[in-house]
Amino acid sequence: MHFRQLLLSATILILITLFRPNALNAQNKMDDYSSQWEKIDQFQKKGLTKSALSEVEKIYSAAKKTNNDPQIIKSLLFKINLKKNVEESASEKSIDSVEIEIADAKEPAKSILQSIAAQMYWNYFQQNRYKLYQRTNTINFDKKDIATWTIDDLHKKIGDFYLASIKDEKHLRQTKLEPYDAIIIKGNVRDLRPTLFDLLAHRALDYFKNDERDITRLSYAFEIKDAIAFAAVNEFTKATFKTKDSTSLHQRALIIFQKL
C-alpha cells in the first residue's frame, strides 16, 4: 500500500489529498476544481502543455488564497510534471519548488511533502549515479547548486528529509488514512498501515534498507550482526543500536523498524 504515483520522465508525481487537522470535518466544502481539472486533462491529451500549465497555475493561486491544502499540493505536483516538457533543468527546479512549499506547510502536509522531497532527491541520485561516482568530495560545493553535490551530500539530504517526514511521530500516529483513500492504493494489508506514520515510515524504509551507501564503506561501518536485531519483538524494540558510523542507512532502518 503506497501513494499513487505517476512516473513521467523519472519525475515523481504524487497526487495527495490532504486536509489540515482542524478542517477534517469541513472537507466536503473544499473546492475540488473538478471542471478545471477536466479541462487540464483534455489539454494534456491534446499535447497542449502550456495551456494545461496555465490552468494549473490558476488552480494553485486560487487554492493558496483559501488554504485549500489538497489542491495546493495537487496543483504544485502537476506544475512540476508539466514544466519538465517546457523548461530546462526541470528536475532541480522542481525540488526547489517543493522545498519552498515545505517552508509554509502545516502538518500533516509538511511531513508528506518532506517525504516527496526525499524521493525526488533519491530519483535525482539514481538518474545521475554515473556522474556522481566520478565526482570527488573536493569539488567546489555550492549548497544552492545540486550539480556540484557529491554522493555524500545527496545521501545526507535524502536521509535528513526522510527522517524529518516521520519526526512528528505523535501527530502522524493519530492521523488515519481514511481521508486519503482517494490517493492510496489499499492492497490487501491495510491493517499493517493503519496511520500516516506507518505509511511514511515504510516509504523511508524503502531508502534506508538499500545498500547504495555501503559502496564506499568506512572501516568502522555499521553492520547488522548483533543477535538482538533478530530477536522477538519485545527484546528487539528495547535494543540500542549504537555506531560511530553516522552515515549508516541500515542503522537508521533498524530504528525505524523499532518504531513500527
Side-chain angles (χ1 to χ4, degrees), residues 2-16 76-102 111-166 185 199-224 243-257:
H2 53 276
F3 292 129
R4 291 187 186 276
Q5 299 176 3
L6 177 61
L7 298 176
L8 299 175
S9 303
T11 297
I12 188 168
L13 177 61
I14 308 175
L15 305 184
I16 303 171
L76 170 68
L77 296 174
F78 259 86
K79 285 199 297 179
I80 287 171
N81 185 61
L82 290 168
K83 284 183 177 180
K84 293 193 289 81
N85 301 319
V86 295
E87 291 184 0
E88 295 182 0
S89 303
S91 294
E92 293 89 334
K93 292 178 181 178
S94 65
I95 293 174
D96 289 341
S97 65
V98 172
E99 291 203 53
I100 290 171
E101 202 67 46
I102 288 172
S111 291
I112 297 177
L113 285 167
Q114 288 168 327
S115 183
I116 293 172
Q119 188 165 353
M120 292 175 77
Y121 274 113
W122 181 225
N123 287 349
Y124 178 88
F125 175 90
Q126 293 172 316
Q127 295 162 22
N128 295 277
R129 179 183 281 105
Y130 176 77
K131 290 189 294 185
L132 288 164
Y133 277 113
Q134 304 303 312
R135 191 176 296 166
T136 69
N137 283 328
T138 58
I139 195 170
N140 293 327
F141 173 77
D142 179 355
K143 67 179 182 179
K144 294 183 179 180
D145 184 3
I146 194 173
T148 70
W149 293 12
T150 65
I151 289 174
D152 290 342
D153 299 322
L154 272 167
H155 275 302
K156 184 178 187 309
K157 179 66 76 170
I158 297 165
D160 286 349
F161 265 124
Y162 271 129
L163 291 175
S165 74
I166 56 175
I185 298 173
L199 189 56
L200 294 179
H202 278 280
R203 282 173 56 81
L205 275 176
D206 287 342
Y207 168 69
F208 288 119
K209 289 188 298 183
N210 84 81
D211 296 319
E212 183 84 37
R213 192 67 182 83
D214 290 338
I215 290 178
T216 54
R217 289 178 63 83
L218 300 168
S219 60
Y220 50 84
F222 177 78
E223 295 182 17
I224 302 176
T243 179
K244 294 189 295 181
D245 181 8
S246 62
T247 67
S248 172
L249 301 186
H250 289 171
Q251 190 253 4
R252 292 175 180 175
L254 282 175
I255 293 173
I256 295 174
F257 272 120

(request) Look up atom CG in Leu205 and atom CD1 in Ile255, then write down how far apart they are to the nearest 0.5 Å. (result) 11.5 Å
(request) Could you check Asn128, Ile95, Asp153 and say which one makes a side chain to side chain contact (heavy atoms under 4.5 Å, CB included) with Ile146? (result) Ile95
(request) Would you give the length of the straight line joining atom NZ of Lys209 to atom CD1 of Ile256, rounded to the nearest 0.5 angstrom? (result) 10.0 Å
(message) Among Lys157, Arg252, Gln114, Gln119, exactly one meets side chain to side chain contact (heavy atoms under 4.5 Å, CB included) together with Tyr162. Which residue is that?
(response) Gln119
(request) Can you measure from CG (Asn123) to CE (Met120) and round to the nearest 0.5 angstrom? (result) 8.0 Å
(message) Nearest 0.5 angstrom please: Leu77 CG to Leu82 CG, how far?
(response) 11.0 Å
(message) Taking the side chain as everything from C-beta on, heavy atoms only, tell me whether Phe208 gets closer than 4.5 Å to Leu254.
(response) no
(message) Among Leu113, Ile102, Ile116, exactly one meets side chain to side chain contact (heavy atoms under 4.5 Å, CB included) together with Phe161. Which residue is that?
(response) Ile102
(request) Only counting residues at least two apart or in another chain, list the ones meeting side-chain hydrogen bond (donor to acceptor under 3.5 Å, both in side chains) with Asp206. (result) none
(request) Taking the side chain as every heavy atom from C-beta outward, state whether Ser97 and Lys79 have any atom pair closer than 4.5 Å. (result) no
(request) Measure across Ile80 and Ser94 and return the closest heavy-atom pair with its distance rounded to 0.1 Å. (result) CG2-CB, 3.2 Å
(message) Is the ring pair Trp122/Tyr207 parallel, tilted or perpendicular, if the boundaries are 30 and 60 degrees?
(response) perpendicular
(request) State, to 0.1 Å, how close Ser165 and Leu200 come at their nearest heavy-atom pair, and which atoms those are. (result) O-CD1, 3.5 Å
(message) Quick check: closest heavy atoms across Ala117 and Val98, and the distance to 0.1 Å?
(response) CB-CG1, 4.0 Å
(message) With heavy-atom distances below 4.5 Å as the criterion, would you say the side chains of Tyr124 and Trp149 are in contact?
(response) no
